[in-house]
Amino acid sequence: MLDLKRIREDFEGVKQAVERRGQGDFGIDQVLVLDEQRRKILAQVEQMKNKQNQDSKMIPQMKKEGKNTDDLMAEMKALSEEIKKLDPRVSQIGEELKQVLLNIPNTPHASVPVGKSDADNMEIRKVGTPREFDFEYKAHWDVGADLDILDFERAAKIAGARFTVYKGLGARLERSITNFMLNLHTEEHGYTEILPPFMVNRDAMIGTGQLPKFEDDMFHVPAKDFFLIPTAEVPVTNLHMNEILEEKQLPVYYTAYTPCFRKEAGSAGRDTRGLIRQHQFNKVEMVKLARPENSYEELESLLLAAEEVLKRLEIPYRVVKLSTGDLGFSSAMTYDIEVWMPSYNRYVEISSCSNFESYQARRANIRFRPEEKGKPEYVHTLNGSGLAVGRTCAAILENYQQADGSVQIPKVLQPYMGTDCIRK
RNA sequence: GGAGAGUUGACCGAGUGGCUAAGGAGCUCGCCUGGAAAGCGAGUAAGGUGUUAAAGCCCCGUGGGUUCGAGUCCCAUGCUCUCCGCCA
């Protein structure tokens, strides 16, 4: 959520920043209108309440002195009626205002390139060189099916399209990748491991920005009004919802493995084969709560921690900075890491590392108390995949496949796998 | 699913209709001490909104209601704990 004061003080600036996303102004004009209305009525009602508070103090005193309070009480009854008429107006307008604010995305950082779509993303660096195959290489779904380690047909039978069953060394590979990533981030990058609930309540979903705007993309559990998490970002960022942290606690680094659940509404027909786009997939996520003044340095180190996974797996990738047209709703700046996927003959997103600045913190009410006393301030929140496990698995199956149909295991995973190769 | 208890300040905790929501822990300073702890004394203290600053307004889990006035009474509800049931 954007800062109301900031919108008040720099309306044109904020409006232009939001418009750089190329999706209109999200009705931001309404913010000013509603805010002004609300403040006007609020001033009136506060004045009336002041009188009410003053006068009601007199009643017990008058009674003690044996004076008649009937007139005063009649007068106050009338005042009370007036207040009861205006008060709901204030909260009603306040609620409307909040809804408008919740549906306005974050303002992109000034350095984010303006663009319409992912075609306008800016390449930052390329690491590694895509392998030249001297045989007819296969897509990972064929590699997996031929080795009997991925079973899409049976997954469809028990669940439907966009699900996968991992089997044997396939299941073990997924588990090995997960453990490798968690160990790397906890042992070498200073992250604390979290294993959160995979369902969350509405407040958490609002806190990180999935609701109210994207409810249709989420799996909902009506019995308890829970949502299956679309990413660990939701439970982990919201761990500190409604808290005031001490400044010396910052920065907070968390990493979490969770499955992620997405309806993938609107992506019908895209990436229908293989592990790339599933209703349920595994991901290791990294989340940071940082001081505002160095959150962009924290974004760079977050990105490097995610890249380190692919470096050690020795798989080629590139880093792009998302343009305003491709930027997520809550994000001020995002880097995507894209892994080389031979069957797609291009780089495919495997991680998204973002700085949300105070946008989520304001929604989730996550603050810290600056050392030099002062009022609590909102933290900056960041997160990034470190990495999407299913896509990493796909990338390994494709990039490490051999002419005989077997798949070599990257060196760093061999201790986890107990073998250096998956064969028939 | 059933029954009961609880929910108050960065922590603990008193408070069933009206004076400024007790007290304690904490923190700061002082006394005491070789130094510290304990003890004693004094001071300080949450958050939101608003303002140049203030005043004012709001805040006792949440949402309604009763009342001139609600932490306190009524209704609904979230969460935590205990017991019963079910269950890995």
Side-chain angles (χ1 to χ4, degrees), chain A residues 1-9 31-32 34-99 101-102 195-207 211-212 220-227 235 238-250 252 259 289 291 358 361-379:
Chain A
M1 181 155 63
L2 296 176
D3 184 6
L4 181 57
K5 260 188 216 161
R6 182 178 155 216
I7 296 177
R8 237 182 249 154
E9 284 160 13
V31 173
L32 278 194
L34 292 170
D35 183 43
E36 203 173 314
Q37 277 182 25
R38 197 185 85 93
R39 282 153 67 89
K40 203 169 150 191
I41 303 176
L42 187 64
Q44 281 178 38
V45 95
E46 280 190 2
Q47 214 168 359
M48 292 164 78
K49 282 184 179 174
N50 181 226
K51 182 169 167 51
Q52 186 179 46
N53 287 341
Q54 296 299 322
D55 287 359
S56 73
K57 278 180 199 165
M58 290 164 56
I59 289 181
Q61 206 179 334
M62 287 169 71
K63 279 188 175 166
K64 211 183 277 177
E65 293 165 7
K67 290 182 187 163
N68 186 301
T69 58
D70 290 356
D71 287 351
L72 182 57
M73 271 166 59
E75 192 186 310
M76 290 197 55
K77 172 93 179 162
L79 182 63
S80 171
E81 300 288 328
E82 279 302 303
I83 291 173
K84 275 178 190 156
K85 259 188 261 171
L86 287 182
D87 241 355
R89 281 290 293 154
V90 174
S91 46
Q92 185 204 333
I93 296 171
E95 189 50 39
E96 278 176 51
L97 179 59
K98 190 178 167 194
Q99 286 308 316
L101 280 171
L102 285 177
L195 183 58
F198 302 158
M199 292 187 258
V200 295
N201 60 30
R202 223 165 248 283
D203 286 343
M205 294 290 275
I206 290 170
L211 294 185
H220 182 233
V221 183
K224 293 279 268 176
D225 199 22
F226 288 153
F227 292 86
N238 284 295
L239 284 178
H240 295 288
M241 185 196 295
N242 296 325
E243 286 185 22
I244 301 175
L245 303 167
E246 295 300 332
E247 181 168 18
K248 57 176 178 273
Q249 289 177 259
L250 300 176
V252 172
L289 307 183
R291 294 180 177 86
S358 59
R362 191 168 276 109
R363 286 173 164 251
N365 192 27
I366 306 171
R367 295 171 293 172
F368 73 99
R369 194 178 301 280
E371 297 265 324
E372 297 301 316
K373 305 227 170 178
K375 284 200 167 184
E377 273 181 56
Y378 290 107
V379 301

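So that the names make sense, note that chain A is the first sequence line, chain B the second, and so on, each numbered from 1.
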- prompt: With A/Arg367, which residues qualify under salt bridge (Lys or Arg N to Asp or Glu O under 4.0 Å), at least two apart?
  reply: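 For A/Arg367, no residue satisfies salt bridge (Lys or Arg N to Asp or Glu O under 4.0 Å) once neighbours in sequence are set aside.
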Length of the line joining [X]:[atom1] and [N]:[atom2], which is rounded to integer Å:
X	N	atom1	atom2	answer
A/Leu245	B/rC11	CG	P	13 Å
A/Glu46	B/rC59	CD	C1'	13 Å
A/Arg39	B/rU49	CZ	P	12 Å
A/Ile366	B/rA10	CD1	C1'	16 Å
A/Lys63	B/rC68	NZ	C1'	9 Å

message: Just to be sure I understand: a Watson-Crick pair is purine N1 to pyrimidine N3 plus N6-O4 or O6-N4, both under 3.5 Å. Using that and G-U wobbles, which stems of three or more pairs involve RNA chain B?
response: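 Only these stems qualify: B:1-7 with B:78-84, B:26-31 with B:39-44, B:47-49 with B:56-58, B:61-65 with B:73-77.
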query: Residues in ring pair (Phe, Tyr, Trp, His ring centres under 6.0 Å) with A/Phe227, at least two apart?
result: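 Expected list: A/His220.
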field: B/rG9 versus B/rG17 - spacing of their P atoms, nearest Å
entry: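 Each nucleotide's P atom is 22 Å from the other's.
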- prompt: Just checking A/Arg8: base, sugar-phosphate only, or nothing, at a heavy-atom cut-off of under 4.0 Å?
  reply: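 It contacts sugar-phosphate atoms only.
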task: Quick one: label A/Arg38 by what it contacts on the DNA or RNA (base, sugar-phosphate, nothing), any heavy atom closer than 4.0 Å.
output: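 If one applies the 4.0 Å heavy-atom cut-off, A/Arg38 turns out to touch nothing in the nucleic acid.
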- request: For RNA chain B, determine which residues of residues 77-89 of chain A have any heavy atom closer than 4.0 angstrom to one of its atoms, and list them numerically.
  value: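 Here the set is A/Lys77, A/Ser80, A/Lys84.
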Would you be so kind as to tabulate the donor-acceptor pairs closer than 3.5 Å made by side chains of residues 73-84 of chain A, with sequence neighbours excluded?
| residue | atom | partner | partner atom | Å |
| --- | --- | --- | --- | --- |
| A/Glu82 | OE2 | A/Lys85 | NZ | 3.3 |

field: More than 12 heavy atoms from other groups under 6.0 Å of CG on A/Asp71
entry: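 Counting other residues, nucleotides and ligands, CG of A/Asp71 stays at 12 neighbours or fewer.
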- request: With sequence neighbours excluded, tell me which residues meet side chain to side chain donor-acceptor pair (under 3.5 Å) with A/Lys98.
  value: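 Testing A/Lys98 for side chain to side chain donor-acceptor pair (under 3.5 Å), a comparison that skips the adjacent residues, returns none.
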